[in-house]
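Here is the structure we will look at, set down as structure tokens.
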Amino acid sequence: IPSAALFGGVALYLVGHILFRIRNMQSLNIQRTVVAALLIVAIPIGVTVPAYVSLTILVTMLVLLIAYEGVKYREVRHHLRHHAD
């Protein structure tokens, strides 16, 4: 149960973001979908390893997602911040 709550809870959070984007922008965020699927797949791994390893896996996945999105959407953020009227 702790592994399902840890990985599944964050996956559910990402699915919420994915569904919100689909509803409002009619587009799919592929990288968040992939990370959510990987988190679901990681649930059985979390059962067999110590809690600190599970948490390290989770944090690593999220940091990589944030770094990827930070680089991918850099220009869009810059444009929104400096050209909003």
Side-chain angles (χ1 to χ4, degrees):
I1 290 179
S3 180
L6 180 67
F7 292 113
V10 176
L12 187 59
Y13 173 78
L14 290 174
V15 168
H17 277 270
I18 293 163
L19 294 174
F20 184 78
R21 181 172 174 164
I22 289 171
R23 179 181 176 270
N24 291 327
M25 300 179 70
Q26 288 79 40
S27 67
L28 179 64
N29 187 309
I30 299 297
Q31 60 271 12
R32 289 185 185 183
T33 304
V34 168
V35 171
L38 288 173
L39 289 171
I40 297 299
V41 170
I43 291 173
I45 296 169
V47 172
T48 61
V49 298
Y52 71 91
V53 175
S54 295
L55 191 57
T56 302
I57 291 169
L58 175 68
V59 168
T60 301
M61 289 174 141
L62 293 177
V63 166
L64 290 173
L65 174 64
I66 292 165
Y68 176 79
E69 288 185 345
V71 171
K72 181 176 181 183
Y73 298 115
R74 176 181 299 154
E75 293 299 321
V76 173
R77 282 192 328 272
H78 177 76
H79 181 75
L80 287 172
R81 290 179 182 157
H82 298 288
H83 295 96
D85 293 324

Point-to-point distance, once rounded to the nearest 0.5 Å, from OG1 of T33 to CD1 of I22: 6.5 Å
Return a table of donor-acceptor pairs under 3.5 angstrom between the side chains of residues 39-59 and protein atoms on other chains or two or more places apart.
residue: T48; atom: OG1; partner: I45; partner atom: O; Å: 2.9
residue: T56; atom: OG1; partner: Y52; partner atom: O; Å: 2.7

State, to 0.1 Å, how close A11 and A36 come at their nearest heavy-atom pair, and which atoms those are. CB-O, 3.8 Å
According to the salt bridge (charged side-chain N to carboxylate O under 4.0 Å, His left out) rule, which pairs have a member within residues 47-56, sequence neighbours left out? none
Listed partners of R77 passing side chain to side chain contact (heavy atoms under 4.5 Å, CB included), at least two apart: Y73, R74, R81
Please report the interatomic distance OG1(T60) to CG(L65), rounded to the nearest 0.5 Å. 12.5 Å
Sequence neighbours left out, what pairs pass salt bridge (charged side-chain N to carboxylate O under 4.0 Å, His left out) with at least one residue falling in residues 37-57? none
Please, which pairs that meet salt bridge (charged side-chain N to carboxylate O under 4.0 Å, His left out) have at least one residue in residues 3-20, sequence neighbours excluded? none
If two hydrophobic side chains count as joined below 4.5 Å and joins carry through other members, does L38 share a cluster with F7? yes
Rounded to the nearest 0.5 Å, how far apart are CG of L28 and CD1 of I18? 6.5 Å
Pair listing, salt bridge (charged side-chain N to carboxylate O under 4.0 Å, His left out) test, anchored in residues 28-51, at least two apart: R32-E69
Is L19 reachable from M25 through a run of I, L, V, M, F, W or Y residues, each pair having side-chain heavy atoms under 4.5 Å apart? no
Apply ring pair (Phe, Tyr, Trp, His ring centres under 6.0 Å) to Y13 and list each qualifying residue two or more places apart in sequence or on a separate chain. H17
How long is the straight-line distance from CG of L6 back to CD1 of I1, given to the nearest 0.5 Å? 13.5 Å
Considering all heavy atoms of both residues, which atom of Q26 and which atom of R23 are nearest to each other, and what is their separation? NE2-O, 3.0 Å
Sequence neighbours excluded, the answer for side chain to side chain contact (heavy atoms under 4.5 Å, CB included) partners of I66 is none
